[in-house]
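Here the structure is a predicted model, which is why all the values come from computation and not from measurement. Throughout, a chain's letter reflects where its sequence line sits, starting with A, and its residues are numbered from 1.
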Number of protein chains: 2
Amino acid sequence: MAVIAGAWAPNVIWHLRAGPRRFNELRLDIPPISAKVLSQRLRELEGRGVIRRTIQPTTPPSVEYSLTPLGTELLPALDAIVEVGHKLKARNRMDDHPQG
Amino acid sequence: MAVIAGAWAPNVIWHLRAGPRRFNELRLDIPPISAKVLSQRLRELEGRGVIRRTIQPTTPPSVEYSLTPLGTELLPALDAIVEVGHKLKARNRMDDHPQG
DNA sequence: CCGTATCCGTTTGGATACTG
DNA sequence: CAGTATCCAAACGGATACGG
């Protein structure tokens, strides 16, 4: 499970699902994340082979992060967990307010 | 993701996949887990609706933990994550030892 | 724009001892 | 057997300041 460990790691993976994103784009995608933590997570996920870091030779240069093929395999799993979470929340609301 | 948060939570879920287990059985299933943490995780997972706690009126009485239907839905997701982890480990070994 | 370094409060989990 | 209470060290993440 270490592969998705750390605060915001699943969010980072999730926001890369549609294609490459830059550092500051990810910061805006995941509002309350700090630069420090985003940087840490990106480096960890890169070290584990979940994401790839690419420096684009544009003017000005920019850095892009994207999922590796293996990283992409995590998406359905994260989806499934989130969906169970939603069902659980709905059920717990019903327990508290039986008319819901 | 809070649904699987906390140390050993995925292991607890995993070891309930084949049916109910008792407290001390889970302790032995997950060797380095402490009673305190196992107790905490069981209580959290129960509170979230992932597992169910049942007191068996046997002699002596025993306590059994089992997955709820929603908890069972987490198994394929955990499987998928673990499998990606295995592939990642294999790939990283190859990177370090190109003949592997 | 893309980060890193430092400080610092909070949370976590382990060890141990104890209870019904 | 099935936990709970307490103490403690380590890890974590946030805020801030700073560098390439």
Side-chain angles (χ1 to χ4, degrees), chain A residues 1-16 19-68 71 78 81 85, chain B residues 1-16 18-48 50-68 71 78 81 85:
Chain A
M1 305 298 302
V3 87
I4 57 163
W8 308 113
N11 301 59
V12 170
I13 295 169
W14 181 251
H15 282 98
L16 292 176
R21 296 294 272 170
R22 295 167 54 182
F23 188 86
N24 276 346
E25 288 178 327
L26 288 172
R27 284 196 70 177
L28 298 173
D29 287 341
I30 313 170
I33 196 173
S34 64
K36 173 195 159 187
V37 171
L38 178 56
S39 179
Q40 283 179 347
R41 273 318 80 80
L42 289 170
R43 232 144 296 286
E44 290 166 9
L45 292 172
E46 186 192 2
R48 291 172 192 147
V50 174
I51 67 176
R52 184 183 296 115
R53 182 177 187 263
T54 320
I55 301 180
Q56 301 290 12
T58 57
T59 344
S62 74
V63 181
E64 282 191 349
Y65 296 91
S66 55
L67 291 178
T68 62
L78 298 183
I81 294 170
Chain B
M1 306 296 303
V3 86
I4 57 162
W8 308 113
N11 300 61
V12 171
I13 296 168
W14 180 252
H15 281 98
L16 292 176
R21 296 294 271 170
R22 296 169 52 183
F23 187 87
N24 276 345
E25 288 178 328
L26 288 171
R27 284 196 71 177
L28 298 173
D29 287 341
I30 313 169
I33 197 175
S34 65
K36 172 193 161 187
V37 172
L38 177 55
S39 179
Q40 283 179 346
R41 274 319 78 81
L42 288 171
R43 234 145 294 286
E44 290 167 8
L45 292 171
E46 186 192 2
R48 291 172 192 146
V50 174
I51 66 177
R52 183 183 297 115
R53 181 176 186 265
T54 319
I55 302 181
Q56 301 292 7
T58 58
T59 346
S62 74
V63 181
E64 283 192 349
Y65 296 91
S66 54
L67 291 178
T68 63
L78 298 183
I81 294 170

Separation of [X] atom [atom1] from [N] atom [atom2], in whole Å?
X        : N       : atom1 : atom2 : value
Leu38(A) : dG13(D) : CG    : C1'   : 13 Å
Arg53(B) : dC1(D)  : CZ    : C1'   : 12 Å
Glu46(B) : dA2(D)  : CD    : P     : 15 Å
Phe23(B) : dG20(C) : CZ    : P     : 17 Å
Asp29(B) : dA2(D)  : CG    : P     : 13 Å
Leu28(A) : dG3(C)  : CG    : P     : 14 Å
Ile55(A) : dG20(D) : CD1   : P     : 16 Å

Which residue pairs pass the salt bridge (Lys or Arg N to Asp or Glu O under 4.0 Å) test with at least one member in residues 23-37 of chain A, sequence neighbours excluded? Arg21(A)-Glu25(A), Arg21(A)-Asp29(A)

Residues Glu46(A), Leu42(A); criterion side chain to side chain contact (heavy atoms under 4.5 Å, CB included); working and verdict: CA-CA 6 Å; Glu46(A) 186 192 2; Leu42(A) 289 170; over 6 Å; no

Counting any heavy atom closer than 4.0 Å, what does Arg43(A) reach on the DNA or RNA strands: base, sugar-phosphate only, or nothing? sugar-phosphate

Tell me what Arg27(A) touches on the nucleic acid: a base, only sugar-phosphate, or nothing, going by heavy atoms under 4.0 Å. nothing

How would you list, by chain and number, every residue that makes a side chain to side chain contact (heavy atoms under 4.5 Å, CB included) with Ile30(A), sequence neighbours excluded? Trp8(A), Asn11(A), Val12(A), His15(A), Ile33(A)

Sorted by position of nearest nucleotide on DNA chain C, 5' first, the leading residue of Ser39(A) and Pro61(A) is Pro61(A)

Could you go through the side chain to side chain contact (heavy atoms under 4.5 Å, CB included) check for Glu44(A) and Val50(A) one step at a time? CA-CA 9 Å; Glu44(A) 290 166 9; Val50(A) 174; over 6 Å; no

Hey, could you give me the CD1/CD1 distance between Ile51(A) and Ile13(A), rounded to the nearest 0.5 Å? 8.0 Å

Rounding to 0.5 Å, atoms CD (Gln56(B)) and OG1 (Thr54(B)) come to a distance of 6.0 Å

Interface polar pairs with nucleotides 12-19 of chain C, N/O, under 3.5 angstrom:
unit_1, atom_1, unit_2, atom_2, d
dG13(C), OP1, Ala7(B), N, 2.4
dG13(C), OP2, Arg41(B), NH1, 2.9
dG13(C), OP2, Arg41(B), NH2, 2.9
dG13(C), N7, Lys36(B), NZ, 3.0
dG14(C), OP1, Trp8(B), NE1, 3.4
dG14(C), N7, Lys36(B), NZ, 3.3
dG14(C), O6, Lys36(B), NZ, 2.1

Okay, side chain of Arg41(B), backbone of Ala7(B): is any donor-acceptor separation there less than 3.5 Å? yes

Less than 4.0 angstrom between a side-chain N/O of Arg22(B) and OP1 or OP2 of dC1(D), yes or no? no

Any side-chain N or O of Arg21(A) less than 4.0 Å from the OP1 or OP2 oxygen of dC2(C)? no

